[in-house]
Amino acid sequence: MSDLTRNAVEVLPEGRLAEQLAGERPLRVKLGIDPTTADIHLGHTVVLEKLAAFQREGHTVVLIIGDFTARVGDPSGRSSTRPLPSAEEIEANAASYQEQAFKLLDRERTEVRHNSEWLRMEPEALLGLMAQTTVARLLERDDFQKRLGAGQPIAALELLYPLLQGYDSVAVEADVELGGTDQKFNLLFGRDIQGAYGQPPQSILTMPILVGTDGVQKMSKSLGNYVGVTDPPEQMFGKLMSIPDPAMDEYFRLLLDAETPAGPPNEAKRELARRLVDRFHSEGTGAAAEAQFNQVFVDRGVPDDIEVWEIGPYGGSEPGVILLPQLIGAGFGISSSEARRLIKQGGVKLDGQPVPADALQLPRADLAGRVLQVGKRRFLQLVDGAS
RNA sequence: GGGGGAGUGUCCGAGUGGUUAAAGGAGAUGCGCUGUAAACGCAUUGGCUCUGCCUACACAGGUUCGAAUCCUGUCUCCCCCA
């Protein structure tokens, strides 16, 4: 029990979960995620991990892929109506979400459902659902109040969201629903809907929202401060090293269920990064990523395996000469104007040697086989296939 | 249905006929520094075949020697009244 509620912010209603856990029957524990973006990030894993804990205790985990609700848009924590992804995006995201979720959950023992199964309902049924609440009730939530106060629009569609999420609970007969603290309204609303459909209301458990790598705002893809569970080891390690020291405690506690080790912050952060990389990749990859990190950032070296790039046809006015900005632009996916600026600012190196600010063209022979570097962390191994 | 207001670069946001890729901020990137992809300092931040050229201030036209700034239409959005 204490295990299951550790780190939880609220477990409501008071005492109810304990009663449920005391029963004979395994509980049906629900978590819904809307596949609105392609990747699950560490913030999501806080709740997913809690779900996994219930699973380990023998309860039935119901993972709901909100392929239908993704088209409605969860207003939780939103200060404006969000742009909705297309049906194709949702479908693609849904598939990868599931895969990523199984990095934490036991696939065999997880009931995965798509809520389009039951939410594609007859209009009459939808009206029946809408009859279960009032506009005042739907508007009382904090995020709507703020938007109302600020004169921000609220799409009628957004109003429906809690009803639909609540109906998910009815459809899967949830005993418990998990979510981030920003989900509190929706989770509680589900209780009412279940009640209206003659089911015993679920209890709810909310988890803290993980702060992003900026250490200030919540981790979110759109804010660009996230660490994706599918990020390559080196990238994951680097991103984790970049979090502000004060955020470390939270990361240790919420992601590793551990205390920040005593000692130098740098060491602690390295341990954090190592353990998380190990967890989402495989044992030992954390140490490898760290070695790479040291090589690149501490020793200012070149990582072990870097992408090979064909020098290609970026010919200049004379034969055998390469236009450097174009090569860089193509190789690193930036505009040639930007590449030009980087050269001017001394941000481009060949085998570790800065390229002179006026070197916009170089002979092919001077490039082949060398390592082209932009900034501190982007590298390409140049090869000349034409020679 | 009526009245009012708004659409500017990645985002926020100045600018209301005349050097100018368009103040400022955020973000991002580069350099320096550093235990760190942190903090701090400096710089850069539309594109290109780059001492010049092209495209830009919702969209389409128009007025003008000249428009993001004026006019017309279209689209989108917000507020108030009903």
Side-chain angles (χ1 to χ4, degrees), chain A residues 79-83 147-158 211-217 220-228 231-251 260-274 276-277 286 289-301 303 312-319 321-330 332-349 352-361 372-379:
Chain A
S79 55
S80 59
T81 306
R82 74 163 87 189
R147 282 160 71 173
L148 242 27
Q152 293 292 317
I154 295 170
L157 196 57
E158 293 182 89
V211 71
T213 52
D214 58 0
V216 179
Q217 294 185 276
S220 114
K221 174 126 181 173
S222 53
L223 292 174
N225 60 357
Y226 73 106
V227 180
D231 283 350
E234 300 75 28
Q235 199 183 343
M236 192 180 272
F237 193 94
K239 281 184 180 177
L240 288 165
M241 284 304 286
S242 82
I243 66 173
D245 292 352
M248 260 199 290
D249 290 344
E250 198 178 323
Y251 275 60
T260 306
N266 186 37
E267 253 322 300
K269 203 178 288 178
R270 282 167 179 276
E271 181 176 334
L272 173 76
R274 269 197 311 270
L276 286 172
V277 171
E290 180 175 22
Q292 196 96 134
F293 181 86
N294 288 338
Q295 210 173 104
V296 176
F297 296 106
V298 180
D299 305 332
R300 299 291 168 85
Y314 310 105
S317 43
E318 300 156 46
V321 169
I322 292 295
L323 291 173
L324 205 48
Q326 297 215 319
L327 173 63
I328 294 169
F332 294 101
I334 60 181
S335 73
S336 66
S337 296
E338 189 174 353
R340 229 166 246 280
R341 280 181 226 122
L342 288 167
I343 295 171
K344 206 179 296 177
Q345 292 177 74
V348 174
K349 292 178 188 155
Q353 295 301 311
V355 169
D358 57 354
L360 297 179
Q361 301 192 7
L372 180 64
Q373 177 182 0
V374 167
K376 290 179 202 154
R377 54 192 163 119
R378 287 178 284 182
F379 301 87

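Letters go in sequence order (proteins before strands), and every chain restarts at 1.
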When you measure from the side-chain N and O atoms of A:Arg270 to the phosphate of B:rG35, is any distance below 4.0 Å, counting only OP1 and OP2? no

Partner set under side-chain contact (heavy atoms from CB on, under 4.5 Å) for A:Ala291, not counting sequence neighbours: none

Return the set of residues passing side-chain contact (heavy atoms from CB on, under 4.5 Å) with A:Ala330 (not counting sequence neighbours), or none when no residue passes. A:Trp309, A:Tyr314

Show me the dot-bracket string of RNA chain B, counting Watson-Crick or G-U pairs under 3.5 Å, with | for pairs to another strand and [ ] for crossing ones. ((((((((.[[[..)..(.....]]]((((((.......))))))(((...)))...[[[[[..)....]]]]]))))))).

Only distances under 3.5 Å count here; give the side-chain donor-acceptor pairs of residues 235-243 of chain A to other protein atoms, sequence neighbours excluded, each with its distance to 0.1 Å.
unit_1: A:Lys239; atom_1: NZ; unit_2: A:Tyr226; atom_2: O; d: 3.2
unit_1: A:Lys239; atom_1: NZ; unit_2: A:Asp231; atom_2: OD2; d: 2.9
unit_1: A:Ser242; atom_1: OG; unit_2: A:Lys239; atom_2: O; d: 2.7

Qualifying residues under side-chain hydrogen bond (donor to acceptor under 3.5 Å, both in side chains), relative to A:Asn266, sequence neighbours excluded: none

Residue set satisfying salt bridge (Lys or Arg N to Asp or Glu O under 4.0 Å) with A:Asp245, at least two apart, ordered chain then number -> A:Lys269

Expected rows: protein N/O vs nucleotides 37-39 of chain B N/O, under 3.5 Å:
unit_1: B:rA37; atom_1: O2'; unit_2: A:Ser242; atom_2: OG; d: 3.2
unit_1: B:rA37; atom_1: N1; unit_2: A:Arg377; atom_2: NH1; d: 3.0
unit_1: B:rA37; atom_1: N3; unit_2: A:Arg377; atom_2: NH1; d: 3.2

Can you check the A:Asp214 CG to B:rG27 P distance for me, whole Å? 9 Å

Nearest-angstrom distance, C1' atom, B:rG18 to B:rU64: 11 Å

Using a heavy-atom cut-off of under 4.0 Å over every strand shown, decide if A:Ser335 touches base, sugar-phosphate, or nothing. sugar-phosphate

Under 4.0 angstrom, heavy atoms only, what part of the nucleic acid is A:Pro325 near: base, sugar-phosphate, or nothing? nothing

For A:Tyr251, what residues pass the ring pair (Phe, Tyr, Trp, His ring centres under 6.0 Å) criterion, not counting sequence neighbours? none

Those residues at least two apart in sequence (or on a different chain) that pass salt bridge (Lys or Arg N to Asp or Glu O under 4.0 Å) with A:Arg274 are A:Glu290

For B:rG47, take OP1 and OP2 only and decide whether either is under 4.0 Å from a side-chain N or O of A:Arg341. yes

